[in-house]
Amino acid sequence: MTSYKIAVLAGDGIGPEVVGMAVRVLKTISKKTGVGFEMEEAPVGGCACDATGNPLPEATLKLAKKSDAVLLGAVGGPKWEGLDYSVRPERALLGLRAELGLFANLRPAVVFSPLVEASTLKREVIEGIDLMVVRELTGDVYFGKPRGVEILPNGEKRGTNTMVYTTKEIERIAKVAFELARKRKKKLCSVDKANVLECTELWRFVVSQVHKNYADVLLSHMYVDNCAMQLIRNPKQFDVVVTTNLFGDILSDEAAMLTGSIGMLPSASLNEKSLGLYEPIHGSAPDIAGKNLANPIATILSVGMMLDYSFGLKNEAGLIKKAVENVLNKGLRTADIYTQGFQKVGTKEMGEAICKEL
Ligand code: NAD
């Protein structure tokens, strides 16, 4: 029997609640199909910091490195906000991305038809949206040097972060995006701010160079401010969007809201060997943690992406998507996607219903 090793890093806040449901889905898939999943848990984020003083303990990193895929919940929360940046829970994410070489973040935004009414936008604008934001994950202002806050001779403080991209970094993310576009509607929109930022002028140039190997894909370029506007005005114009770390961080959350709730959106972060880290795009949602209110669908769909991208189990991934759709069609809604007339359920009930559907 084929068996895959999965590191399960639930993290903080709603992380353990939503990951718990995703693990149940994996166990259900295993029972149904005979594919084995060896799951091992390890602490990450604030809880790891409390236990060991390090948001990404050595043992957690070691486990992640020897696994075939990593399932992550979320990290962070008000309890750890006063800590030094070097030990903040969020540093664990940056550490995992850097150590595992996860440079490509794939964030699909798909509107499930039963949820069209849950979006704040009009039906005709969002019905049928199926786009993918490809965000570069290991460069840009999050990693560029110099960085930090210094005190100037006059006593004033100055904060600095540096936007940095090399040709190689742009080439490899562009290739991922072109390959994905090739398997979809063959349209790629590269988003930058080439009119004012030299770094993204290089981005535009390199993406255009890579395009020469993908003549079957239609490439367009868009400034990030325009893209933010177009995502609300006419999101259906997009198929695959590729962009920098900072712009992708913001645009993918905007794309999330098109679908009704941040609680619906999965993500995959891949390295060059297709080892992947799979996580919902939302954070630890401290405001609803421990209350059985969190929507587990983003994490469950992340497991679906894991089966597809890391294990090549397309069929099983499709089963998960279908089960989610069926449960939504039956009228079950967590609070974040609830509208009148539907059945309001908690995290557990939603997860169990999806397992039952499977
Ligand atoms: P958030 O995504 O945690 O929450 C934003 C809002 O969306 C909240 O109102 C929350 O209740 C709601 N929400 C989020 N996920 C939901 C779900 N599954 N179901 C229903 N509602 C949901 O973002 P935030 O409030 O800006 O950040 C909270 C903490 O999470 C911070 O410490 C932040 O640094 C951290 N964070 C972590 C990650 C990560 O681990 N990848 C990502 C973003 C934020």
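We use all heavy atoms of the structure for the numbers below, so side chains are in, but hydrogens, waters and symmetry mates are not. Ligands are counted one by one from 1 in listed order, and the atoms in each one are counted from 1 as well. By convention here, the first residue in the shown sequence is residue 1.
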- line: In this structure, atom 42 (C) of ligand 1 is nearest to the protein heavy atom G283 CA, 3.5 Å
- request: Check ligand 1 against G263 and write out every atom of the ligand that is under 4.0 Å from a heavy-atom position of the residue.
  value: 17 (C), 18 (N)
- prompt: Do side-chain atoms of D140 reach the backbone of V164 as a donor and acceptor pair under 3.5 angstrom?
  reply: no
field: E279 neighbourhood, listing ligand 1 atoms whose heavy-atom distance to it stays under 4.0 Å
entry: 41 (N)
Cationic N near anionic O, under 4.0 Å, K5 to D68: no
- request: Give the atoms of ligand 1, by number and element, whose distance to some non-hydrogen atom of A74 is under 4.0 Å.
  value: 40 (O)
task: Indicate, as side chain, backbone, both or neither, the part of L72 found under 4.0 angstrom from ligand 1 when only non-hydrogen atoms are considered.
output: neither
Atom 28 (C) of ligand 1 protein-contacted (non-hydrogen atom, under 4.0 angstrom): yes
statement: ligand 1 atoms nearer than 4.0 angstrom to some heavy atom of G76 are 32 (O)
query: Nearest to atom 20 (C) of ligand 1 by heavy atom, D336, T299, D12: which?
result: D336
field: Donor-acceptor under 3.5 Å (D12 side chain, C47 main chain)
entry: yes
- request: Among all protein heavy atoms, pick out the one at the shortest distance from atom 33 (C) of ligand 1; state its residue, atom name and that distance to 0.1 Å.
  value: E90 OE2, 3.5 Å
field: Result of checking L72, T60, V75 against L96 for side-chain contact (heavy atoms from CB on, under 4.5 Å)
entry: L72
message: Given 3.5 Å as the limit, does a donor-acceptor pair link the side chain of R184 with the main chain of D130, or not?
response: yes
query: atom 5 (C) of ligand 1: protein heavy atom closer than 4.0 Å?
result: no
- prompt: Just how far is it from atom CD of E198 to atom CE of M163, taken to the nearest 0.5 Å?
  reply: 11.0 Å
task: Salt-bridge test for R182 and D216: reply yes if a basic N is under 4.0 Å from a carboxylate O, no otherwise.
output: yes
- request: Do me a favour and list the nearest non-hydrogen protein atom to atom 3 (O) of ligand 1 with residue, atom name and distance?
  value: A285 N, 2.8 Å
- prompt: Considering only protein heavy atoms, which is closest to atom 39 (C) of ligand 1, and at what distance to one decimal place?
  reply: L93 CD1, 3.5 Å
field: Nearest protein heavy atom with distance in Å, relative to atom 17 (C) of ligand 1
entry: N295 N, 3.6 Å
message: Regarding R107 and D253, does a basic nitrogen lie under 4.0 Å from an acidic carboxylate oxygen?
response: yes
Close approach, V18 and ligand 1, non-hydrogen under 4.0 angstrom: no
- prompt: Would you say E81 and ligand 1 have an N/O pair spaced under 3.5 Å apart?
  reply: no
statement: of all protein heavy atoms, closest to atom 7 (O) of ligand 1 is I262 CG2, 3.7 Å
statement: Taking every heavy atom of G290 against every heavy atom of E17, the minimum-distance pair comes out as N-OE2, 2.6 Å
- prompt: Between R24 and E352, does at least one N-O distance fall below 4.0 Å, as a salt bridge requires?
  reply: yes
- line: Taken to the nearest 0.5 Å, the spacing of N295 CG from D336 CG works out to 4.0 Å
- prompt: Among protein heavy atoms, which lies nearest atom 32 (O) of ligand 1, and at what distance?
  reply: G77 N, 3.0 Å
query: Is there at least one protein heavy-atom neighbour under 4.0 Å from atom 24 (P) of ligand 1?
result: no
message: Show the atoms of ligand 1 that are less than 4.0 angstrom away from any heavy atom in A294.
response: 19 (N)
task: Would you kindly specify which portion of P286 sits under 4.0 Å from ligand 1, judged on non-hydrogen atoms: side chain, backbone, both or neither?
output: side chain
query: Is the closest basic N to carboxylate O distance between E99 and K65 below 4.0 Å?
result: yes
message: I need the nearest protein heavy-atom contact for atom 35 (C) of ligand 1: residue, atom name and distance, please.
response: V75 O, 3.2 Å
- prompt: Which residues satisfy the salt bridge (charged side-chain N to carboxylate O under 4.0 Å, His left out) test with D249, sequence neighbours excluded?
  reply: R135
